[in-house]
Amino acid sequence: MAGPVASPADAIAVIDPNSYADWDTALDVFDRLRSETPVVRIESPDGDFDPFWLLTRYDDAMRVSKDNARFLNAPRATVFTNKTGEAFARQITAAQGEESPNLVQSLVQLDAPKHTKLRRLTQDWFMPKNLRTIEAQVRELAAKTVDRLIAAGPECDFVPLVAAPYPLHVVMQILGVPEEDEPRMLFLTQQMFGGQDEDLNKSGLANLTPEQILQIVSGAVKDFEAYFEGLAAQRRANPTSDVATILANAMIDGEPISARDRAGYYIIVAAAGHDTTSASTAGAMLALARDPEQFAKAKADRSLVPGIVEEAIRWTSPVQHFMRTATEDTQFGDVTVKAGDWLMINYVAANHDPAQFPDPRRFDATRDQTRHLAFGAGAHQCLGLHLARLEMRLLFEALLDRIDTVELAGEPRRAKSTFVGGLKTLPLRFTAS
Ligand code: HEM
């Protein structure tokens, strides 16, 4: 690895879950790095993680995302982890028969040709044409969610009441998980994604060691796998039109997919489809609560809702990073990334690049946000992006129908997480008719 090296303080800021809870300070670090050293080597001050290249410019993040032959997902951990984490994942997966740096093997941990084949299984299901068949069902869930909000009013915490349960409910219906099992799925998802935040990982313990976090995450993975094997067996016996049925009976090259691939697929849809959309939903609500004029405008004109939804997704960038591994030497300006090097695509930094998004910290629902990178790009671009947009649009349409005014009733707090992040509390005061 040859090129600029970040200071130890900046290295910590990039990988420390606490940094992302302090959003503006994190954005300041990314802004400085982007203008001084847009491709910079991040080295562990105490040697506990392997070095990687951090990309903070939109153009570089886009280039790496789209070049899926040169920048692979599978060889190294796809979500940043330290050496202990990777060794632990390798140990557990080796015992299961196929050693991997990732505990779960799902679409994001795979490359072509297997990735392409697995993705094709459900690709059509997630396209707008098919989603129209579930629109009425999602609209009903949105209306019920708003009923619940109004019943809890006039003051509430929007995250546990609306932003968290609504996307979970939608994704569980898609997967065919019965309502009574949803709390268990929420618990497991939060253990997997909220491992770094004591409020979210359900351990009740602050400052867990990496080993303790991994124990929590691997326990959650095991529980998920056992649960979804049971669900697949049910769908084989009684097929429906849901994603669970497609996966239960899925074949590749004339062979049924393996139990591990099926479990990974269920887990990625269950997990990726839930906390992400919660975070962008809470972010959209925060922006509206801070800007009564924008709220009134949207209430009068629903054609503004898609712009609010898309800007909220850029502005929050709930998936904060994914990692890639270079397969050959590649130049980024003066910096040479060598074959085998590990890279971090930081979506938060890319989506706050002023070269693409003027005044990027401002929430501007009228900007051209369709180029944002919050859903990634290239072969791995978010499978659920149309679903996420649909869910958010229907929820905000239902909210604007019933809520007249909304304002902050306290200071919102963000989760401590390097991976999927966003608000964990959003205290609101509202009036409804
Ligand atoms: C605002 C909400 C969401 C955001 C910001 C988001 C973001 C992302 C990102 C950044 C990626 C990786 C893209 C890349 O590597 O280029 C991804 C992949 C994925 N997302 Fe989403 N996502 C969201 C909602 C959803 C939903 C609702 C679902 C499904 C129900 C979903 C399912 C997936 C799956 C299955 C993948 C893996 C695709 C692959 O590797 O081929 N996501 N998402």
Side-chain angles (χ1 to χ4, degrees), residues 55 61-68 71-74 78-79 102 104-112 114-123 125-127 130-131 134 138 163 166-177 185 189 193 242-244 246-247 261 264-284 309-325 343-351 369 372-395 419-422:
L55 310 174
M62 182 62 96
R63 174 180 171 197
V64 170
S65 299
K66 285 190 158 172
D67 194 346
N68 302 104
F71 299 102
L72 297 181
N73 285 37
T78 329
V79 174
N102 299 293
V104 178
Q105 179 134 309
S106 73
L107 292 177
V108 273
Q109 282 87 21
L110 292 168
D111 296 304
K114 188 172 175 182
H115 168 261
T116 322
K117 291 176 185 176
L118 273 178
R119 184 165 164 129
R120 213 175 275 145
L121 294 170
T122 61
Q123 178 98 32
W125 199 97
F126 283 100
M127 292 309 275
N130 183 61
L131 292 180
I134 62 160
V138 179
Y166 167 66
L168 177 77
H169 207 52
V170 173
V171 96
M172 289 303 138
Q173 293 223 341
I174 284 171
L175 281 177
V177 173
M185 293 292 113
T189 316
F193 281 177
D242 62 13
V243 174
I246 298 180
L247 295 177
D261 285 339
Y265 221 127
Y266 283 126
I267 291 173
I268 181 93
V269 174
H274 152 233
D275 269 10
T276 49
T277 316
S278 305
S280 49
T281 300
V309 165
E310 210 59 37
E311 174 68 341
I313 296 169
R314 177 199 72 85
W315 193 63
T316 54
S317 295
V319 174
Q320 297 173 160
H321 80 268
F322 267 119
M323 308 297 286
R324 296 288 194 268
T325 304
L343 298 95
M344 174 183 277
I345 303 173
N346 195 295
Y347 301 106
V348 176
N351 280 333
Q369 333 84 336
H372 72 69
L373 254 172
F375 289 123
H380 291 276
Q381 191 182 37
C382 178
L383 184 65
L385 65 92
H386 299 295
L387 177 65
R389 288 177 177 143
L390 176 75
E391 281 178 46
M392 288 181 67
R393 176 172 63 77
L394 296 179
L395 179 72
F419 180 36
V420 176

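The structure displayed is predicted, hence computed values, not measured ones. As the structure lists them, so they are numbered: ligands from 1, and atoms in each ligand from 1.
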Numbered atoms of ligand 1 (with element) below 4.0 Å of [X], judged on heavy atoms:
| X | answer |
| --- | --- |
| V108 | 37 (C), 40 (O) |
| T277 | 2 (C), 24 (C), 27 (C) |
| Y347 | 10 (C), 14 (C), 15 (O), 16 (O) |
| F322 | 11 (C), 12 (C) |
| H115 | 39 (C), 40 (O), 41 (O) |
| I268 | 34 (C), 35 (C) |
| V171 | 30 (C) |

Report summary line: When rounded to the nearest 0.5 Å, the distance separating CG of L387 from CD1 of I134 is 5.5 Å
Query raised in the report: If you measure from CE on M185 to CG on L175, what distance do you get to the nearest 0.5 Å?
Result: 9.0 Å
Quick one: ring-ring contact (aromatic ring centres under 6.0 Å, His included) partners of [X], sequence neighbours excluded?
| X | value |
| --- | --- |
| H321 | F419 |
| F71 | none |
| F375 | H372 |

Between ligand 1 and [X], can you find any atom pair, the residue atom being a heavy atom, that is separated by under 4.0 Å?
| X | value |
| --- | --- |
| S280 | yes |
| F126 | yes |
| A374 | yes |

Could you pull out the closest heavy-atom pair between [X] and [Y], with the gap in Å?
| X | Y | value |
| --- | --- | --- |
| A270 | M172 | CB-CE, 3.9 Å |
| T122 | V243 | CG2-CG1, 4.2 Å |
| N73 | D111 | N-OD1, 2.7 Å |
| V79 | N102 | N-OD1, 4.5 Å |
| G264 | S106 | O-CB, 3.3 Å |
| A377 | L373 | CB-CD2, 3.9 Å |

Should the proximity of [X] to ligand 1, defined as any heavy atom under 4.0 Å, be assigned to the side chain, the backbone, both, or neither?
| X | result |
| --- | --- |
| S106 | neither |
| H274 | neither |
| L387 | side chain |

Requested in this report: Give yes if a backbone or side-chain nitrogen or oxygen of A377 is under 3.5 Å from a nitrogen or oxygen of ligand 1, and no if not.
Outcome: yes
Query raised in the report: Under 3.5 Å, N or O to N or O, is R324 touching ligand 1 that way?
Result: yes
Report task. Kindly check if the number of other-residue, nucleotide or ligand heavy atoms within 6.0 Å of NZ (K66) is above 12? Result -> no
Query raised in the report: Do F322 and N346 touch side chain to side chain, with heavy atoms closer than 4.5 Å?
Result: no
Query - Residue pair L72 / R324, side-chain heavy-atom distance below 4.5 Å - result: no
**Report entry** Contacts of atom 21 (Fe) of ligand 1 with protein N/O/S atoms, counting only those under 2.8 Å
**Finding:** C382 SG
Report summary line: In terms of its nearest heavy atom to atom 13 (C) of ligand 1, the top option of E391, H380, H386 is H380
